[in-house]
There are 2 protein chains.
Amino acid sequence: MSDRRPIGLFDSGVGGLTVLQSVRRRLPRESTIYLGDNERAPYGPRTDAEVIRYSGECLDQLVERDVKAIVVACNTSASVALPWLRRRTEVPILGVVRPGAFAAAAATRSGRIGVIATQATVRSGAYPAAIVDERPDAQVTAHPTTALVPLVEAGQHQGPEVEAAVAEALAPLLAADGPAIDTLLLGCTHYPLLGEVIGRAVGPGIAVIDSASATASALAVVLEVDGIAAPPDQVPVHELGTTGDVAAFERTARRLFGDAVTDVRQVRLPRETVGAGVGRA
Amino acid sequence: MSDRRPIGLFDSGVGGLTVLQSVRRRLPRESTIYLGDNERAPYGPRTDAEVIRYSGECLDQLVERDVKAIVVACNTSASVALPWLRRRTEVPILGVVRPGAFAAAAATRSGRIGVIATQATVRSGAYPAAIVDERPDAQVTAHPTTALVPLVEAGQHQGPEVEAAVAEALAPLLAADGPAIDTLLLGCTHYPLLGEVIGRAVGPGIAVIDSASATASALAVVLEVDGIAAPPDQVPVHELGTTGDVAAFERTARRLFGDAVTDVRQVRLPRETVGAGVGRA
């Protein structure tokens, strides 16, 4: 039992490329189609209704391409929209929240876990709920940050401005009178792109967990269990698309995948409420 | 999308009850059918051909009962027989090795992981391979033990004999000149029944990971992704069966699930090579 069709992934922008990177490392024979909705990034400050609608449009686009499985490589979308997305298609859909929660629950010793994520993700309560599913005695402190995604989307991954923004985002979790976490979960797929700065900010005593590699591992299990992994002889094909600026998207993609990235497609999503191809919603 | 059918689990004996316990805790609305092949336990010292044949017979029995998913709740079987089992049925089959490996890879800080398991599991190399899939820089020391499963099957879960056997099993991993592990993976579903003794033997500096709870979490993801979780109103039904001594099986099941356990069924597996119902293979 095997299946040569690609895996579809989508995110609000470039953040999900960290999930794509983990999937390509973990499952090197799988073909992929990635869609970044950069035109409407970030999803984090959006209303739930907007996140659900935008995510649905990304999903439809991937389903149309006959993908065998879909990874919602956006924490905001996975936290808010997953049940709606699953009603829209029979294609297996994996979010990044449960795998990330599982990895954090396995990593902690003390049970005290900090989560940084977008406003919409924190508002959903998805991470604390998923972590407590795994470890009922866990104490989870989820803290919303707004400054980090725009920096990543703008291609700023280090330097003084990033360091200041990271320090501010982590301050409530690292304060001397704070929750004394031993594990920090990066609850947004954009954040691993700031991994170096975040690692320096928390120091060696705190395990930093990103949902990207956890999701790739969960995907490996799903493909195996459902008998839809690529056959051993498959030569994978990878396709990247964005609703936003192709050149800007390419720059971040090159940082992760090297100079081979040259063929990012411009994608126009049909918009549900404003008609097809009418531009910005 | 939901599915009221039960989940099937099988093990060489009572060890898989630790997986069942985790599944019942993690997925309280799911019905289950558990099959322990106690008559032929332990599988650990068997040849691969025997493990594959016995596992196939257990699998067929569960498939006949129209289960919606199967958990191979036996590390020996999951390590040795999984690809063969998957060729036998279209029912999704989850083993305990990948989830356990994932949890251990997430738990370790130093990357040095010890695994204790049966001879057949260690011989298969399944755990080191699965752990390195998750974390390529991991250093895994897998150590076979033969004494522990018979003790558990005999209902001995603590006391001096158990303490001595555990100390001997762990000695190569805990020696002063040993691998200095920071994480111990219990690579056999019987071992969590010795959890207290093992925890005391390793001390607080080493994280003890069992594949039971990791497998329950992976199962939760698979049911969600495949849209086959039980509906929220389901009142679960649990069925226990053994090919061995019913009274002995009931004693261990009661230790985990309380006095409600009264209806363990005697199961006779049709034997592939010796004809149906002809007793011991």
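Here the structure is a predicted model, which means the values were calculated and not measured. Protein chains get the first letters and strands the later ones, always in sequence-line order, with residue 1 at the start of each.
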For this session: Heavy atoms only, distances under 4.5 angstrom: which of B:Ala69, B:Ser22, B:Ala106, B:Pro136 has the most pairs with chain A? Name it, please.
Result: B:Ala106

Exercise. Using non-hydrogen atoms only, which part of B:Asp226 is less than 4.5 Å away from chain A: side chain, backbone, both, or neither?
Worked result: side chain

Problem set entry | N/O donor-acceptor pair under 3.5 Å between B:Thr89 side chain and B:Leu85 backbone | no

For this session: Pick one of side chain, backbone, both or neither for A:Arg98, based on which atoms fall under 4.5 Å of a heavy atom in chain B.
Result: side chain

Problem set entry | A:Asp182 side chain to A:Ser110 backbone, donor-acceptor under 3.5 Å | yes

For this session: Please step through side chain to side chain contact (heavy atoms under 4.5 Å, CB included) for the pair B:Asp48 and B:Arg123, ending with a clear verdict.
Result: CA-CA 10 Å; B:Asp48 287 1; B:Arg123 191 173 62 230; 2.8 Å; yes

Exercise. Checking heavy atoms, do the side chain of B:Ala214, its backbone, both or neither come under 4.5 Å from chain A?
Worked result: both

Exercise. In terms of heavy-atom pairs under 4.5 Å, which option from A:Thr183, A:Ile93, A:Ile209, A:Thr108 contacts chain B the most?
Worked result: A:Ile93

Exercise. In terms of heavy-atom proximity below 4.5 Å to chain A, should B:Arg26 be classed as side chain, backbone, both, or neither?
Worked result: side chain

Problem set entry | Between CD1 on residue B:Ile113 and CD1 on residue B:Ile181, distance to nearest 0.5 Å | 9.5 Å

Exercise. Counting only N and O atoms by type, is there a donor-acceptor contact under 3.5 Å from the side chain of B:Glu134 to the main-chain atoms of B:Phe102?
Worked result: no

